[in-house]
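Working notes, structure below.
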Amino acid sequence: MNDTQLHERPGKREITRREWMARAGFTAVSVALAGLSGTMAEGDAAPKIVLGEGSHRYECVHDWLTPPDNIHWGDTQGVAQDAKGNIYISHTVAADSPKGDAILVFDRHGKYLNSWGERFKGGGHGLDLRRESGVEYLYHCDTAHRNVVKTTLDGKTVWEKGVPTEAGVYKPGDPYIPTNIAFGPNGDFYVTDGYGSDWITRYNIKGEFVQVFGGKGKEPGKVLQAHGIWVDTRPREPLLVVADRANNRLQYFTLDGKHVKFVTEGMRQPCHFSILGDMLLVPDLHSVVTILDGENRVMAQLGDGASLPELRGHARNEFVPGKFIHPHSAKFLHNGDILVVEWVPIGRVTLLRKLKA
């Protein structure tokens with residue numbers, strides 16, 4: 001499954017979350033049919049959907065973030081949070097959207113604040129944030145225009161980079177479609193060419209080329225659809241972890257690009273990462289969100305919808321409450337909740353609200 005193969009959005013505008021809940025009969029019966037834990041609190045209009053168990057229990061709130069009426073979600077693909085708690089969502093923008101902004105900003109309570117980034121329409125993909133000399137910046141991977149762009153939090157472009165010809169591995173005509181970025185402890189950053197030629201390019205904090213490694217293959221050190229990348233700070237020495245998606249595994253590298261190990265337990269089509277304490281969060285395109293412990297053992301798999309029919313191109317009222325379709329990115333928020341964005345052409349952003357054990 002390749003999330004660059006976009007499905008056309010129906011011309012008719014999708015109903016809002018409130019309309020959907022009213023029309024679809026969002027009841028305890030539907031939750032029971034989905035095989036979920038549902039509890040009705042006094043005065044609630046809908047049951048509470050609880051995923052996971054023990055110390056990994058989350059209330060599942062679909063469509064926690066919704067766009068204003070003049071912006072229609074396309075595939076929701078990236079998520080970041082700044083120091084103030086504001087949340088940034090990147091999406092491809094639906095063809096029928098009156099406004100073409102690909103970056104939407106919400107406060108930590110889920111209230112819509114503003115939007116920008118029409119330049120990323122059709123290609124809003126990987127989105128990560130870094131603080132540099134006291135200032136926060138967003139790094140965008142634009143799969144439509146095939147470049148990496150650094151912006152301020154309000155969308156002003158600092159620089160942009162296309163194919164890294166200085167790497168010496170790209171011949172004329174070789175595809176370059178960057179997907180995600182990781183930040184090293186010394187200021188370096190790493191870009192995965194996950195939909196192109198599968199090279200991983202390393203730059204210093206000034207944006208100057210340092211090295212390239214990876215490339216297509218199955219053997220150690222090689223990758224297929226290197227979709228996501230993160231610097232894993234849980235080991236004694238930080239390591240790069242790559243979502244080696246088409247190889248159905250995670251692959252670890254040293255910070256200078258040497259292969260270390262594979263992780264396959266619980267992995268289907270891993271997309272990207274987020275870390276909180278000893279936990280590694282892995283949104284998996286094959287319909288589940290996985291949490292690994294400090295030894296990369298599976299602690300929880302949330303909202304597993306793999307046994308359901310393919311629902312990617314379906315209407316919202318056909319989605320199954322508490323079940324994921326295609327998690328594409330996810331992030332631990334500052335308060336320990338999880339935010340999941342899905343690769344579906346009508347977009348979906350789900351909050352997993354952490355519950356006490």
Side-chain angles (χ1 to χ4, degrees), residues 1-7 34-36 51-53 56 58 60 62 75-79 125-126 143 179-180 182 192 194-195 198 214 216-220 222-230 232 240-253 259 261-275 279-314 319-332 338-345 348-350 352:
M1 188 179 298
N2 186 333
D3 61 0
T4 59
Q5 298 172 344
L6 301 179
H7 290 239
L36 303 169
L51 307 181
E53 57 186 19
H56 298 286
Y58 296 85
C60 177
H62 293 304
D75 290 286
T76 42
Q77 304 200 106
V79 55
H125 194 270
T143 57
T179 48
N180 275 295
T192 51
Y195 295 157
D198 273 316
K216 289 188 181 296
K218 295 180 177 293
E219 61 269 31
K222 298 295 183 180
V223 291
L224 285 178
Q225 207 173 87
H227 189 272
I229 188 168
W230 204 265
D232 191 344
L240 280 171
V241 56
V242 174
D244 194 355
R245 195 167 75 181
N247 280 327
N248 315 112
R249 67 194 182 193
L250 308 184
Q251 184 168 180
Y252 275 84
F253 295 86
H259 168 81
K261 63 181 179 180
F262 297 121
V263 174
T264 58
E265 181 186 351
M267 296 299 107
R268 301 172 186 174
Q269 292 178 305
C271 279
H272 202 32
F273 309 98
S274 183
I275 288 176
M279 297 184 294
L280 181 68
L281 180 68
V282 185
D284 196 301
L285 199 68
H286 196 40
S287 311
V288 73
V289 172
T290 299
I291 301 175
L292 304 179
D293 68 10
E295 302 298 323
N296 286 328
R297 296 170 299 207
V298 174
M299 302 174 75
Q301 291 197 294
L302 306 172
D304 191 349
S307 64
L308 298 175
E310 171 57 59
L311 296 175
R312 171 173 155 74
H314 288 228
F319 292 179
V320 178
K323 299 291 186 181
F324 289 118
I325 299 171
H326 296 306
H328 188 273
S329 191
K331 184 164 189 63
F332 282 117
I338 296 171
L339 202 60
V340 182
V341 296
E342 290 189 78
W343 178 64
V344 290
R348 184 164 67 163
V349 182
T350 296
L352 300 180

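All residue numbers refer to positions in the sequence shown, counting from 1.
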Shortest non-hydrogen contact from [X] to [Y]?
X	Y	result
Ser274	Ala330	CB-O, 3.7 Å
Val298	Gly266	CG2-CA, 3.9 Å
Pro345	Gly313	CG-CA, 4.3 Å
Asn180	Gly126	OD1-CA, 3.2 Å
Ala306	Ser287	N-CB, 3.5 Å

Side chains of [X] and [Y] in contact at under 4.5 Å (non-hydrogen atoms):
X	Y	result
Pro283	Phe273	no
Thr350	Cys60	yes
Ile229	Val241	no
Lys218	Leu224	yes
Trp230	Ile275	yes
Leu285	Arg245	yes
Val223	Gln225	no
Val340	Val349	no

Checklist entry - Does Asp75 pair with Arg312 as a salt bridge, N-O distance under 4.0 Å? => result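 Looking at Asp75 and Arg312, the cut-off is met.
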Item to check | Given Val282, Leu280, Leu250, the one that forms side-chain contact (heavy atoms from CB on, under 4.5 Å) with Val263 | outcome: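 So, applying the side-chain contact (heavy atoms from CB on, under 4.5 Å) to Val263 and each of Val282, Leu280, Leu250, only Leu250 qualifies.
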Checklist entry - Passes side-chain contact (heavy atoms from CB on, under 4.5 Å), Ile291 versus Tyr58? Steps please. => result CA-CA 12 Å; Ile291 301 175; Tyr58 296 85; 3.7 Å; yes
Under the rule for side-chain hydrogen bond (donor to acceptor under 3.5 Å, both in side chains), what residues qualify as partners of [X], not counting sequence neighbours?
X	answer
Gln251	Asp244, His259
Lys216	Asp198
Asp304	Arg268
Thr179	Thr192

Checklist entry - Under 3.5 Å, is there a donor-acceptor pair linking the side chains of His125 and His328? => result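 On atom types as modelled, these side chains qualify, holding a pair under 3.5 Å.
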When rounded to the nearest 0.5 angstrom, what distance separates [atom1] in [X] from [atom2] in [Y]?
X	Y	atom1	atom2	answer
Thr264	Asn247	OG1	CG	11.5 Å
Phe324	Leu308	CZ	CG	12.5 Å
Leu292	Met279	CG	CE	11.0 Å
Ile338	Leu302	CD1	CG	6.0 Å
Phe319	Glu342	CZ	CD	7.5 Å

Item to check | For Asn248, side-chain contact (heavy atoms from CB on, under 4.5 Å) partners two or more places apart | outcome: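 With neighbours one apart ignored, the set is Gln269.
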Next on the checklist: Suppose we screen for side-chain contact (heavy atoms from CB on, under 4.5 Å). Which residues come up paired with Glu53, at least two apart in sequence or across chains?
Outcome noted: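 Scan of Glu53 (side-chain contact (heavy atoms from CB on, under 4.5 Å), adjacent residues dropped) gives none.
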Using only atom types and a distance under 3.5 Å, with no angle test, would you say the side chain of [X] pairs donor to acceptor with the backbone of [Y]?
X	Y	value
Asp293	Glu295	yes
Lys222	Gly214	yes
Thr76	Val341	no

Item to check | Partners passing salt bridge (Lys or Arg N to Asp or Glu O under 4.0 Å) against Asp284 (at least two apart in sequence or in another chain) | outcome: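 Once residues adjacent in sequence are excluded, Asp284 has no partner under the salt bridge (Lys or Arg N to Asp or Glu O under 4.0 Å) criterion.
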Item to check | Qualifying residues under ring-ring contact (aromatic ring centres under 6.0 Å, His included), relative to Tyr252, sequence neighbours excluded | outcome: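 Once residues adjacent in sequence are excluded, Tyr252 has no partner under the ring-ring contact (aromatic ring centres under 6.0 Å, His included) criterion.
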Checklist entry - Does the pair His272 and Ser329 meet the rule for a side-chain hydrogen bond (donor to acceptor under 3.5 Å, both in side chains), with working shown? => result CA-CA 6 Å; His272 202 32; Ser329 191; 5.0 Å; no
Next on the checklist: Using 30° and 60° as the class boundaries, would you call the ring planes of His326 and Trp343 parallel, tilted or perpendicular?
Outcome noted: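 Geometry flag for Trp343 against His326: tilted rings.
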